Amino acid sequence: MLKKWFIAALVSICMSHVYAMQHQIIKVDNISYDVIKVDHLQQLRLFLKDPKTARYYQKFAHIQKMLPTCEQLSFAMNAGMYHPDFQPVGLYVEEGKEIVGLNEAQGFGNFFMQPNGVLAWNDKYAVIKTTTDYKSMRFKPRFATQSGPMLVYKGQVNRQFLADSNSLKIRNGVGVRNNQLYFVISQQRVNFYQFAQFFKQNLKIDNALYLDGSISSLYLSKTKRHDKTFNLGPIVAEIAQENCN
């Protein structure tokens with residue numbers, strides 16, 4: 001009996017290690033949202049280019065092909081806006097190296113809708129701040145991506161959003177609460193206000209950042225979802241490791 005219990009416990013530990021993130025679907029007003037909570041920041045990475053070929057990954061499958069056999073994609077999502085050549089529009093930090101600097105310019109489009117902001121993390125802490133506040137806090141990220149607009153900041157929905165807006169898109173974003181990151185993608189088309197309200201009211205999140213719309217894509221090994229339609233710029237992914245030396 002003890003032997004059976006030990007084996008069951010071992011399997012449970014292995015599975016919890018492989019699938020460190022938690023996934024649920026929450027439905028609000030006939031809109032369903034996939035919510036992925038990431039607890040282990042050390043397993044979360046950003047991907048842009050294959051270091052061997054210097055080519056942009058663009059697809060989730062290209063990241064998986066590059067990983068060693070002991071690593072597997074458990075979750076991935078597009079992670080910020082990019083130019084037609086796939087270069088990030090704003091700050092992009094990968095493994096502590098700044099690839100693109102903080103973008104404080106004024107312009108048109110969602111990225112420049114104020115306030116915009118930054119998602120950043122290292123092995124211990126995750127932050128989502130406005131671009132201005134992030135610049136002044138001197139956070140030392142292992143990874144960082146800049147996007148916009150902020151959906152919610154300090155508990156307030158972005159004042160530029162209109163509740164009755166008819167700009168409806170599949171959208172994805174990220175929020176932080178208790179040092180845990182919540183990545184969200186809508187299954188139906190929503191406007192900015194609806195999307196922001198979901199973070200504030202349903203997830204009780206005070207700081208959330210918009211990642212993109214229309215091209216929003218998700219990879220989730222648990223549900224075997226693998227969106228392949230769009231070529232992507234920055235990609236955030238949780239990497240499950242098993243028996244890696």
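Everything numeric in this text was worked out from a predicted model, so none of it was measured. In this chain, numbering begins with 1 at the start of the sequence shown.
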Please check this pair: side chain of [X] against backbone of [Y], looking for a donor-acceptor N/O pair closer than 3.5 Å.
{"X": "S147", "Y": "G80", "result": "no"}
{"X": "N78", "Y": "P234", "result": "no"}
{"X": "S165", "Y": "L162", "result": "no"}
{"X": "T145", "Y": "A79", "result": "yes"}
{"X": "R45", "Y": "E238", "result": "no"}
{"X": "N158", "Y": "V152", "result": "no"}
{"X": "Q72", "Y": "I239", "result": "no"}
{"X": "N179", "Y": "K124", "result": "yes"}
{"X": "N191", "Y": "L168", "result": "no"}
{"X": "Q156", "Y": "Y153", "result": "no"}

Take atom NZ in K169; do more than 12 heavy atoms of anything else shown fall under 6.0 Å from it?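 Counting other residues, nucleotides and ligands, NZ of K169 stays at 12 neighbours or fewer.
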Enclosure of R189 CZ (heavy-atom neighbours >12, cutoff 6.0 Å):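 No, not enclosed.
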Strictly by modelled atom types, are [X] and [Y] linked by a side-chain donor-acceptor pair under 3.5 Å?
{"X": "Q42", "Y": "D123", "value": "no"}
{"X": "N116", "Y": "T131", "value": "yes"}
{"X": "R177", "Y": "Y182", "value": "yes"}
{"X": "N172", "Y": "S216", "value": "yes"}
{"X": "Q146", "Y": "N103", "value": "no"}

Set out, in order, the CA-CA distance, both residues' side-chain angles and the distance that settles side-chain contact (heavy atoms from CB on, under 4.5 Å) for K135 and E104, then state yes or no. CA-CA 10 Å; K135 182 180 179 181; E104 300 178 78; 3.2 Å; yes
Using the ring centroid of each side chain, check whether F183 and F75 are separated by less than 6.0 Å.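 That pair passes the under 6.0 Å test.
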Ring-ring centroid check Y193 F161, cutoff 6.0 Å: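 Between F161 and Y193, which both carry aromatic rings, the centre distance is not below 6.0 Å.
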Please check if [X] and [Y] belong to a single hydrophobic cluster, counting links between Ile, Leu, Val, Met, Phe, Trp and Tyr side chain heavy atoms closer than 4.5 Å.
{"X": "I205", "Y": "V38", "result": "no"}
{"X": "L46", "Y": "Y82", "result": "yes"}
{"X": "I128", "Y": "I185", "result": "yes"}
{"X": "L218", "Y": "L181", "result": "yes"}
{"X": "Y219", "Y": "V35", "result": "no"}

Contact summary for [X] and [Y], nearest pair of heavy atoms:
{"X": "A76", "Y": "I235", "answer": "CB-CG2, 4.2 Å"}
{"X": "G175", "Y": "F199", "answer": "N-CE2, 3.5 Å"}
{"X": "D85", "Y": "Y56", "answer": "O-CE1, 3.2 Å"}
{"X": "Q188", "Y": "S186", "answer": "O-OG, 2.8 Å"}

Distance (rounded to the nearest 0.5 Å) between [X] [atom1] and [Y] [atom2]:
{"X": "Y57", "Y": "Q64", "atom1": "OH", "atom2": "CD", "result": "11.5 Å"}
{"X": "N122", "Y": "L44", "atom1": "CG", "atom2": "CG", "result": "11.5 Å"}
{"X": "L151", "Y": "F192", "atom1": "CG", "atom2": "CZ", "result": "7.0 Å"}
{"X": "Q160", "Y": "M150", "atom1": "CD", "atom2": "CE", "result": "13.0 Å"}
{"X": "D212", "Y": "N110", "atom1": "CG", "atom2": "CG", "result": "7.5 Å"}
{"X": "S217", "Y": "K228", "atom1": "OG", "atom2": "NZ", "result": "12.0 Å"}

Test side-chain contact (heavy atoms from CB on, under 4.5 Å) applied to M77 and V236, step by step: CA-CA 5 Å; M77 179 181 281; V236 60; 4.1 Å; yes
Any side-chain heavy atom of [X] within less than 4.5 Å of one from [Y]?
{"X": "K49", "Y": "F86", "value": "no"}
{"X": "L232", "Y": "Q58", "value": "no"}
{"X": "I25", "Y": "Q187", "value": "yes"}
{"X": "R159", "Y": "V157", "value": "no"}

Take R171 and Y210 through the side-chain contact (heavy atoms from CB on, under 4.5 Å) test and state the conclusion after the steps. CA-CA 8 Å; R171 302 181 188 273; Y210 184 61; 3.0 Å; yes
Hey, can you pull the donor-acceptor pairs under 3.5 Å for the side chains in residues 26-33, sequence neighbours left out?
none

Checking one residue: Y134. Which other hydrophobic residues are in its cluster under the side-chain 4.5 Å linking rule?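 Taking Ile, Leu, Val, Met, Phe, Trp and Tyr as members, Y134 shares its hydrophobic cluster with L91, V93, L102, V118, Y125, V127, M137, F139.
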Test salt bridge (Lys or Arg N to Asp or Glu O under 4.0 Å) on D50 and K65; report intermediate values, then the result. CA-CA 10 Å; D50 185 329; K65 288 179 181 178; over 6 Å; no
Mind running side-chain hydrogen bond (donor to acceptor under 3.5 Å, both in side chains) on N231 and K59 for me, showing each step along the way? CA-CA 6 Å; N231 291 328; K59 301 287 189 183; 3.2 Å; yes
Does the side-chain contact (heavy atoms from CB on, under 4.5 Å) test come out yes or no for E95 and R142, once each step is laid out? CA-CA 5 Å; E95 293 291 3; R142 181 183 173 196; 2.9 Å; yes
For F108 and F112, run ring pair (Phe, Tyr, Trp, His ring centres under 6.0 Å): C-alpha distance rounded to whole Å, both residues' side-chain angles, the deciding distance at 0.1 Å, then the answer. CA-CA 6 Å; F108 298 98; F112 296 103; 8.6 Å; no
